[in-house]
Amino acid sequence: MMSLIKNINIRTKFILLFAILLISISILGYKIIAISAYNQIILKDVHSKSKAVLSLQNNVIIPLYNLRQLSHSLVMAPNKNIRKNIQLEIDQIIQTLSHYFEEVGVFSNDTCMVWNNYKKLLNKTKEYLDSEFEEGAYLNITTTTKRQFDILMNMLLNLQEKSLNNSTIAYNNAVSKTEEIKFEILFIIALIIIFSMIVSWLITNNIIKSIYSVQHGLNNFFKYLNDKTTHVGKIELFCNDEFKQMATIINENMLYISNNVKQNEALIKNATKVLEALKSGKLGSRLYKSTNDESLNELKNMINDMIDNLENRVNTEINKRLEQEQLLIQQSKLAAMGEMIGNIAHQWRQPLAEISAIHMNIQVTFNFNEFDKKYLNDKIGELNRLTSYMSQTISDFQNFFKPRGKPELFSVACVCKDAINIIISSLKYHSINLNLTILNNTFTVGYKNEYAQVILNVLSNAKDIIIERKIENPNINVEIKEDNEYSIVKISDNAGGIDDSIIDKIFDPYFTTRHKTKGTGIGLYMAKNIIERNMNGVISVKNIKNGALFMIKVPKKDQK
């Protein structure tokens, strides 16, 4: 049976469990209906026997007592008129009893014979009275007629007692049969439960083993992402259900991802060296290694093109240095090109620093034997988000005014958490405390990655100004709430605020208060365009006590 379960898919397994449940319910329902029908028959039998006892009491015994009393009244009546009325009642009762004794058919021949004799004696009493022989009527009614009445009443009482006994026997039989059926139902229920538990255990055990195998394989893959010397093993499942198909797909993707990780890592290292060479003024370095990541390949081509272009422009400028009238134009071109490279370098500087910090954090954690699964998953998630952000930064910068993809419904709180996770290691490194307060987890429609970039940009600016001003006990507060129309994110710091003379210019393109080697002012300009142009929202800034407060408002949407 275990072999059969391994070879059927998960849907069929659950259908099998559901079928067992339906069959169990059907059997119990059938037994309950059968018990109800049988109980109706038993109750009908008991009712019939009880009805026979009641009928005998009401239709025979009570009328006989009335007849006996009326017979005495007839004898004791003072005149003929009264006797005539009493006789009419006696005749009516005799007629009714005769019909019951002769036609109902519940009495024996002896009982009917005693009744007929009693009826004759009553007629004899009438004859005595009609002949005005009252003494004879009195003797007849008090002696012979009384003895016949007693005999008849004894027979009827015995018959009544027998009927009562039959009713009691029927009731006892019903009680006994009900107990037998109760134990039968309990036995059936026990069998169904045992069978269901066995089948359910076999099915769930098979599913759980498959889940554990997939989990073990994924754990090994995550270890590989941290320690590239670890071998990536395949997930082996000995079944033919959906888990087998999923394991096959995961194995293929793990192999593909491991190859991509190696290529991406090599390209990122090479890109870092090229950017460092550019910062030192060396233009001869190029990116040669490729990867399967389209965005990284675009980045490589873009950097190479920019270096080629920059190198060509520098050579052109050197060749035309003697032409004084072109000197300013060439310097302007060089500055513009350097500004573009600086913009990209500015966007990449923080993620590269974050990656470096994470690597150092992993090394320290490993050396102190505090390395665990949760920590690994967290760090892998941070690295993946950073590399995705680095790739997305180039795409966003290249096609900023033409956002890619369609707007989607997303949680503001979740996106803020994602942005915080990217920068949290750097904040901790600089001993900056970040407080996140979620008053309302609201939803909005827009470009999720661009919105995350806005949050990250504001947080990065707050961090940089805190470090630049060497603030003691630095804090960044993030508050998420809503009003009737907007999802609102408030980001504040205690870095001393923004000079009132420039606070209205900070969203202008390329406006910055820092040296160009530390910033170009493109970040807040991009943030304003993302929020106000692409998401129909509002981003604003004002000074508060001890710092600045950025407020990001986008139209909220109901979650559907």
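Taking a 6.0 Å sphere around CD of Glu472, one finds it holds 12 or fewer heavy atoms contributed by other residues, nucleotides or ligands. Counting heavy-atom neighbours within 6.0 Å of Lys379 NZ, excluding the residue itself, gives a total above 12. Counting non-hydrogen atoms of neighbouring residues, nucleotides and ligands closer than 6.0 angstrom, the CG atom of Asp372 exceeds 12 such neighbours.
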* List the steps and the verdict of side-chain contact (heavy atoms from CB on, under 4.5 Å) for Val412 and Phe443. => CA-CA 6 Å; Val412 172; Phe443 290 78; over 6 Å; no
* CA sep, side-chain torsions, deciding dist, call: Ile491, Leu549, side-chain contact (heavy atoms from CB on, under 4.5 Å) -> CA-CA 6 Å; Ile491 302 176; Leu549 169 63; 5.9 Å; no
* Asked: Going through the checks in order, is the side-chain contact (heavy atoms from CB on, under 4.5 Å) test met by Leu456 and Ile423?
  -> CA-CA 7 Å; Leu456 183 60; Ile423 199 173; 3.8 Å; yes
* Stepwise side-chain hydrogen bond (donor to acceptor under 3.5 Å, both in side chains) test for Asn543 and Asp500 -> CA-CA 8 Å; Asn543 285 321; Asp500 292 337; 3.1 Å; yes
* Show the numbers, then the answer: is there a side-chain contact (heavy atoms from CB on, under 4.5 Å) between Ile480 and Ile488? => CA-CA 6 Å; Ile480 302 172; Ile488 302 172; over 6 Å; no
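Residues Asn536 and Val554 have side chains not in contact (no heavy-atom distance under 4.5 Å, counting atoms from C-beta outward). Between Phe550 and Lys490 there is no side-chain heavy-atom pair separated by less than 4.5 Å. With contacts defined as side-chain heavy-atom distances shorter than 4.5 Å, the pair Ser492/Ile544 qualifies. Side chains of Ile502 and Asp499 form a contact here, defined as non-hydrogen atoms less than 4.5 Å apart. Using a 4.5 Å heavy-atom cutoff, the side chains of Gln453 and Met526 are in contact. The closest side-chain heavy-atom distance from Ile432 to Lys463 is below 4.5 Å. For the pair Leu436/Ile420, a side-chain contact is recorded, criterion being any heavy-atom separation below 4.5 Å from C-beta on. Two residues are said to be in side-chain contact when any heavy atoms from C-beta on lie closer than 4.5 Å; Val489 and Met551 fail this criterion.
A pairwise comparison of heavy atoms in Val538 and Ile531 identifies N-CG2, 3.5 Å as the closest pair. Residue Val415 comes nearest to Tyr451 through the heavy atom pair CG1-CD2, 3.7 Å, listed as atom of the first residue, atom of the second, then distance. Of all the heavy atoms in Asn421 and Arg385, the pair that sits closest is CB-NH2, 3.2 Å. Of all heavy-atom pairs between Ala419 and Ala452, the closest is CB-O, 3.8 Å. Heavy-atom minimum distance, Ala413 versus Asn441: CB-OD1, 3.2 Å. Contact detail for Asp558 and Leu409: the closest heavy-atom pair is O-CD2, 4.2 Å.
Remark: Thr442 OG1 to Phe410 CZ distance equals 9.0 Å, nearest 0.5 Å. Of the inter-residue distances, the one linking Ser460 atom OG with Ile465 atom CD1 reads 13.0 Å to the nearest 0.5 angstrom. Remark: Tyr429 OH to Asn361 CG distance equals 11.5 Å, nearest 0.5 Å. The CG atom of Leu439 lies 7.0 Å from the NZ atom of Lys481; values are rounded to the nearest 0.5 Å. Taking CG of Leu376 as the reference point, atom CD1 of Ile362 lies at 7.5 Å (rounded to 0.5 Å). For the atom pair Ile438 CD1 and Cys414 SG, the distance stands at 8.0 Å (nearest 0.5 Å).
In this structure a side-chain-to-backbone donor-acceptor pair under 3.5 Å is present from Asn494 to Asn475. A donor-acceptor pair under 3.5 Å links the side-chain atoms of Asp483 to the main chain of Glu485, judged by distance alone. A donor-acceptor distance shorter than 3.5 angstrom exists from the side chain of Thr444 to the backbone of Pro555, with no hydrogens or angles considered.
In summary, the side chains of Gln363 and Asn367 do present a donor paired with an acceptor at a separation below 3.5 Å, with no hydrogens or angles considered. Between the side chains of Thr437 and Asn477, no donor-acceptor pair of N or O atoms lies under 3.5 Å.
Cation-pi contact between Lys553 and Tyr486: present, with separation from the ring centre below 6.0 Å and deviation from the ring axis of at most 45°.
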